[in-house]
Number of protein chains: 2
Amino acid sequence: MSNDTKTMKNMDELAKLANVSVSTVSRALAGSTLISTKTRERIAKLAEEHNFQLNEKARNFRLKKTNMIAVVMMVDIKSGQHISDMFFLQMLGSLADALTAQGYDLLLTHIAIEDMPTIDRSRAFRQTDGIIFIGQGNQQEHLNRLADLGKPMVVWGAELENSHYCTVGTNNELGGYLATKHLLNLGRERIAFFGDINFPEPQQRYSGYCRALQEKGLPIDKSLQHNVPFDMTHANTEIHDLMQQGLKFDAAVCSSDLIAIAAIDAFNSYGVKVPDDIALVGFDDIALAALTQPPLTTVKQNITQGGHVIVRKLLAQINGDPASDTILKTELVVRRSSGAW
Amino acid sequence: MSNDTKTMKNMDELAKLANVSVSTVSRALAGSTLISTKTRERIAKLAEEHNFQLNEKARNFRLKKTNMIAVVMMVDIKSGQHISDMFFLQMLGSLADALTAQGYDLLLTHIAIEDMPTIDRSRAFRQTDGIIFIGQGNQQEHLNRLADLGKPMVVWGAELENSHYCTVGTNNELGGYLATKHLLNLGRERIAFFGDINFPEPQQRYSGYCRALQEKGLPIDKSLQHNVPFDMTHANTEIHDLMQQGLKFDAAVCSSDLIAIAAIDAFNSYGVKVPDDIALVGFDDIALAALTQPPLTTVKQNITQGGHVIVRKLLAQINGDPASDTILKTELVVRRSSGAW
DNA sequence: GTGAAAGCGCTAACAG
DNA sequence: CTGTTAGCGCTTTCAC
């Protein structure tokens, strides 16, 4: 009969009910061994019965800590890259897993590139204990400025010379190299590169592409490189245009699986077959890559591991420890789109 | 030269600097018209120069409000449905947009079904001003119990008889009906249904499927209904099994686009062509649906609109207004997978 | 138009 | 092992 439906206001009420002081309640609920097991259990039971909800706002205030991490995606209004980008979303899932495991919550926020200069005045920024960027866009300066503010921060992306922040990412150069070399080994010679080299990650992938070509003694034909956007729909129309213009090539390295999927569709409209007419390699190895027609050969980014490493590096910073950059192992997953079998 | 690098601790410091009281600073920064424009601008400038960061934790505490909304995804460890489910993720993007537009941040949290009974004791729950569920799983009881706690809450899913909470969703029955009728009109007669009817949404879609069949005077063959999970990879093996067992059918209504994609892949392994041998209709109309091979005919769930309506209903509750259920307009998007052209 | 002061609910130092 | 007390930084009522 002790079960009242209305929930209690605060610890004070619970303390009165238990005939102890608020401090005792606070300590008991926190599991402090200072409090006798008996009292602790009694209070826990009482809290349960009366449906006591600890006031998290007061707690955050007192502790100067929210146990929340902001994950930010930069959105380029013009390029139309959007939060539904699947790589981003899979990474988000991975981060949510890793953060939850460490007792943190995930504050999801997206910000237009134009607003980057003022991100440090956003609520999302002020309310969280740390911040994670998925992709660095072309915002190196702003990211550096943010890092200088001293807030714990990790960026998923390319390791750059002049970064003030901690980076975790794939070996993009190697990925581009492996993809290209794979196609070269299969006898392809006019290999296109689809990816916007104004951004650090595609740029590094393109470097790897070039290295593979040079290693084989082949020239770099700039007409084969195209700044296709990450976004699937835009990529699709872009590649349609390329076909329209009569670009001739027998293979393509795509800077994301979504671009590869968009390419397959565009090729289809022109009766061009993958991999027979054009062999394709993607990048990311999103869940979908295995189920496209044909399934994608692709450079795997280990998203699960990536999420965990990012979180580990961030927590290190929160605990005042230094955090070094990490480049994850990179491998090629061979499926049918490259025509290997 | 007034630019000091270290950021200020609190309003008090800023107040001293401006030779005013904290109250004045507080009001000025909040844009109160009580303060003279001159003082307001002076303080704003000072805050900017000295890189003053308002303490959001203190503010939340004082205001008893965080401007944060929890979005929760229920994860069934056994079924393996995961946060990377694309419909969920597109919905997340839509919610993030809608919430940002209203000055709210999004706290992303996922919870194992087993933990539903204690979700009200989670930090995510206590820290936020409202809560959104994407999909109701089979947790009707727990959702009702939560709603009874009085916290603003909206659920994306099926409208159920005995719900204590506000629902926003697609007209699932109609969707299932339209999909099935479309296939029937194209002359298909043995139409399978892929979707787990233990869950409210697929269940309603299945009802629509049955209605279309009955309307046509066709019998409901239970052997054609299969509880294929939402998750793409699991769906794939499940449908493989079905083919192995020699299930005969000439069309299928899938309870999600991901299931349809998994089906196409499975059919391919058996040399079965879509739509020639088996016509397919999906559900959701995720971004990908237009780019699969063949592109998917599918029942569109208007995710963008859905996200906005959810947020509107939630904010209504936060403001103490009542919020009624909403069933969104539902339509069939015809592409090639159903063999209409 | 501005200031003084109270108080939100919690945690932790200090005292016993 | 438990209680008393101070105070986190902000907003807002009340006074001037």
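Convention: sequence-line order gives letters A, B, ...; per-chain numbering from 1. Note that the coordinates shown come from a computational prediction; the quantities given were computed from them, not determined experimentally.
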Exercise for the section: Check the side chains of A/Tyr165 and A/Gln317 for a donor-acceptor pair under 3.5 angstrom, ignoring hydrogens and angles. Expected result: no
Exercise for the section: Verify whether one side chain among A/Gln127 and B/Thr66 offers a donor that lies under 3.5 Å from an acceptor in the other. Expected result: no
Problem - Side chains of B/Ser26 and B/Ser23, donor plus acceptor under 3.5 Å - result: no
Handout entry: Integer-rounded Å distance: C/dG7 P and B/Asn60 CG
Key = 22 Å
Problem - Touch class at under 4.0 angstrom, heavy-atom based, for B/Ser26 against every strand present - result: base
Exercise for the section: State whether B/Thr24 places a side-chain N or O below 4.0 Å from either non-bridging phosphate oxygen (OP1 or OP2) of C/dG3. Expected result: yes
Exercise for the section: Using a strict cut-off of less than 4.0 Å between a Lys/Arg side-chain nitrogen and an Asp/Glu carboxylate oxygen, indicate whether B/Asp120 and B/Arg126 qualify as a salt bridge. Expected result: no
Exercise for the section: Let me know the distance between CG of B/Leu54 and P of D/dC8, rounded to the nearest Å. Expected result: 16 Å
Exercise for the section: Determine to 10° how strongly the helix from C/dG1-D/dC16 to C/dG16-D/dC1 is bent, judged from the axes of its five-pair ends. Expected result: 30°
Exercise for the section: Starting from P on C/dA4, measure out to CG on B/Asp12 and report it in whole angstrom. Expected result: 11 Å
Handout entry: Modelled atom types, side-chain donor and acceptor of B/Asp97 and A/His110, under 3.5 Å
Key = yes
Handout entry: side-chain N/O A/Thr39 vs D/dT2 OP1/OP2, d < 4.0 Å
Key = yes
Practice task
Return the 5'-most residue of the pair B/Ala58, B/Val25 with respect to DNA chain C, ranking by each residue's nearest nucleotide.
Solution key: B/Val25
Practice task
Select base, sugar-phosphate, or nothing to describe what B/Lys57 touches, counting heavy atoms under 4.0 Å on all strands.
Solution key: nothing
Exercise for the section: Grab the CG-C1' distance between B/Asn55 and D/dT11 for me, whole Å please. Expected result: 13 Å
Practice task
Let me know which of B/Thr128, B/Leu99, B/Ile69 forms a side-chain contact (heavy atoms from CB on, under 4.5 Å) with B/Leu106.
Solution key: B/Leu99
Handout entry: Rounded distance (Å) that lies between atom P of D/dC10 and atom NZ of B/Lys9
Key = 10 Å
Practice task
For the pair B/Ser36 (side chain) and B/Thr39 (backbone), establish whether a donor and an acceptor sit closer than 3.5 Å, ignoring hydrogens and angles.
Solution key: yes
Handout entry: Selection from C/dA12, D/dT2, C/dT2 that lies nearest to any side-chain heavy atom of A/Leu63
Key = C/dA12
Exercise for the section: Taking the side chain as every heavy atom from C-beta outward, state whether B/Met153 and B/Leu146 have any atom pair closer than 4.5 Å. Expected result: yes
Practice task
Whole angstrom is fine here: how far is it from CE in B/Met11 over to C1' in D/dC10?
Solution key: 6 Å
Problem - hbond_proxy B/Arg62 side chain to C/dG9 base (donor-acceptor, 3.5 Å cutoff) - result: no
Practice task
Can you figure out which of D/dC1, D/dG9, C/dG1 approaches the side chain of A/Leu34 most closely?
Solution key: D/dC1
Problem - Distance-only donor-acceptor test (3.5 Å): side chain B/Ser23, base C/dA4 - result: yes
Fill in the blank from the handout: With the side chain defined as heavy atoms from C-beta on, B/Lys64 is closest, among C/dC8, D/dG9, D/dC10, to C/dC8
Fill in the blank from the handout: Between CZ of A/Arg27 and C1' of C/dC14 the distance, given in whole Å, is 10 Å
Problem - Rounded distance in Å - CD1 (A/Ile43) to C1' (D/dT2) - result: 10 Å
Exercise for the section: Would you check if A/Phe61 stacks with the base of C/dC10, given a 5.5 Å centroid limit and a 30° plane limit, both strict? Expected result: no
